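In what follows, every chain begins at residue 1, and chains take the letters A, B, ... in the order their sequences are listed. No hydrogens, no waters, no symmetry mates; every other heavy atom, side chains included, goes into these values. All of these numbers come straight from a predicted model, not from anything done at the bench.
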2 protein chains.
Amino acid sequence: MSGSFPPPLDAFDRKILAILQRDNTTPQRTIGEAVNLSAPSVQRRIKRMTEDGVIQANIAVIDPVAVGQAITIFVEVEVISETADQIEQAKRVFAAAPEIQQCYYVTGEADFMLVIVVPAMAEYEALTRRLFFGNNNVKRFRTFVAMDRIKVGLSVPT
Amino acid sequence: MSGSFPPPLDAFDRKILAILQRDNTTPQRTIGEAVNLSAPSVQRRIKRMTEDGVIQANIAVIDPVAVGQAITIFVEVEVISETADQIEQAKRVFAAAPEIQQCYYVTGEADFMLVIVVPAMAEYEALTRRLFFGNNNVKRFRTFVAMDRIKVGLSVPT
DNA sequence: CTGCTTCTGCAATTTTGTTTCATGAGGCTC
DNA sequence: GAGCCTCATGAAACAAAATTGCAGAAGCAG
């Protein structure tokens with residue numbers, strides 16, 4: 001039996017992904033020329049990879065400043081108790097906060113890395129009171145305010 | 001006189017962005033129905049926002065594991081000299097490294113926050129030798145290996 | 001060799017994106 | 001208020017892209 005394995009990606013698939021991760025508005029015809037395949041073949045591969053979850057989403061990257069979310073902040077969070085329960089609860093709390101744009105559970109000198117986007121510092125301060133000072137399992141947190149986003153994206157080696 | 005200000009976004013623009021940041025393959029016709037505008041109007045707004053840099057990119061989000069990039073790593077980098085020149089050079093170097101998925105210039109106890117995706121630790125070690133140990137403007141860097149991606153997200157408030 | 005599966009390209013079809021154009025609303029001057 | 005200007009809009013025409021149908025070639029199992 002088989003629980004349906006993800007079919008492996010060949011060189012064509014990888015090249016296609018490498019293009020899409022930079023610009024998914026690239027016409028299939030153009031992609032086809034780049035990888036030496038016909039447009040329909042490219043289309044079928046993209047469809048398959050989307051169904052298989054290799055392509056997880058197709059999104060527009062939007063400038064946070066332009067939409068009034070002017071401040072991007074990295075936060076390193078260290079917790080006191082790292083029991084499974086406590087970690088799960090922290091994950092839930094962070095996942096529920098709409099200001100938290102990205103949340104990773106990490107090893108190292110911290111336990112969580114957060115990427116937060118807020119309109120202004122006042123909102124961030126309110127958030128810290130709510131999430132960090134108001135949570136007695138948070139030992140320490142460190143704030144880094146982003147001044148410039150140099151790069152976003154990309155998973156596929158080029 | 002004015003060096004051409006970015007025109008402010010109205011409610012239509014925001015709704016359009018809210019849709020595109022979730023799925024930029026949504027047909028303009030469908031977007032139009034959702035926001036009560038004709039397809040051409042939607043199209044013009046998207047074009048304008050793209051030209052203005054509000055929409056910074058259109059990309060496919062790819063599962064790093066599926067493409068053999070199994071490890072995600074946060075790196076906090078502190079530099080020695082923070083002159084404009086040095087910072088610009090660092091930005092260029094980081095932007096050019098394909099393993100670096102996200103790069104932010106930040107204030108706080110570090111100067112750069114990087115999100116790196118690599119197939120295995122060996123590659124990360126090679127990268128540290130090249131980017132950090134091999135760069136004498138790097139004072140210190142701290143590594144956090146992601147064990148779990150709890151959340152990845154979006155810029156437009158919904 | 002035969003049958004089966006899978007992938008491919010070509011061509012037709014359908015859907016989507018883009019341009020054109022005429023209209024109406026809002027703002028401004030006089 | 002009248003006239004004029006600018007600008008965004010929708011309808012329709014148009015161009016481009018995505019999708020589907022189909023037949024052929026390559027790989028494999030029996």
B/D13: which of B/R45, B/R44, B/K47 passes salt bridge (Lys or Arg N to Asp or Glu O under 4.0 Å): B/R45
Non-hydrogen side-chain atoms of A/Y124 and A/V75 separated by less than 4.5 Å: yes
B/R29 atom CZ, over 12 foreign heavy atoms within 6.0 Å: no
Shortest non-hydrogen separation from A/C103 to A/L114 and the atoms involved: SG-CD2, 3.7 Å
D/dA18 OP1/OP2 closer than 4.0 Å to side-chain N/O of A/Q43: no
Terminal helix-axis angle for the helix from C/dC1-D/dG30 to C/dC30-D/dG1, with five pairs defining each axis and rounding to 10 degrees: 30°
B/F94 and B/Y104 aromatic centres sub-6.0 Å: no
Separation of D/dA16 C1' from A/E33 CD (nearest whole Å): 14 Å
Within the 6.0 Å centroid threshold, strictly below: A/F141 and A/F133: yes
Atom-pair distance (CG on A/N58; C1' on C/dT16), nearest Å: 16 Å
Value in whole Å for how far the P atom of D/dT9 lies from CD1 of B/I46: 13 Å
Min side-chain heavy-atom separation A/D111-A/E82 under 4.5 Å: yes
Heavy-atom check, side chain of B/I59 versus side chain of A/Q21, under 4.5 Å: no
Distance in angstrom units between B/I16 CD1 and D/dT9 C1', rounded: 13 Å
Polar side chain donor-acceptor pair, A/Q102 to B/Q102, under 3.5 angstrom: yes
Nucleotide-resolved protein contact map, nucleotides 6-11 of chain C, B/S/- at heavy-atom distance under 4.0 Å: -SBBBB
ILVMFWY cluster, A/M147 and B/I100 together (side-chain gap under 4.5 Å): yes
Interface residues of residues 23-30 of chain B with DNA chain C (non-hydrogen, below 4.0 angstrom): B/P27, B/Q28
Single-linkage hydrophobic cluster, 4.5 Å side-chain cutoff, B/V65 and B/V61 together: no
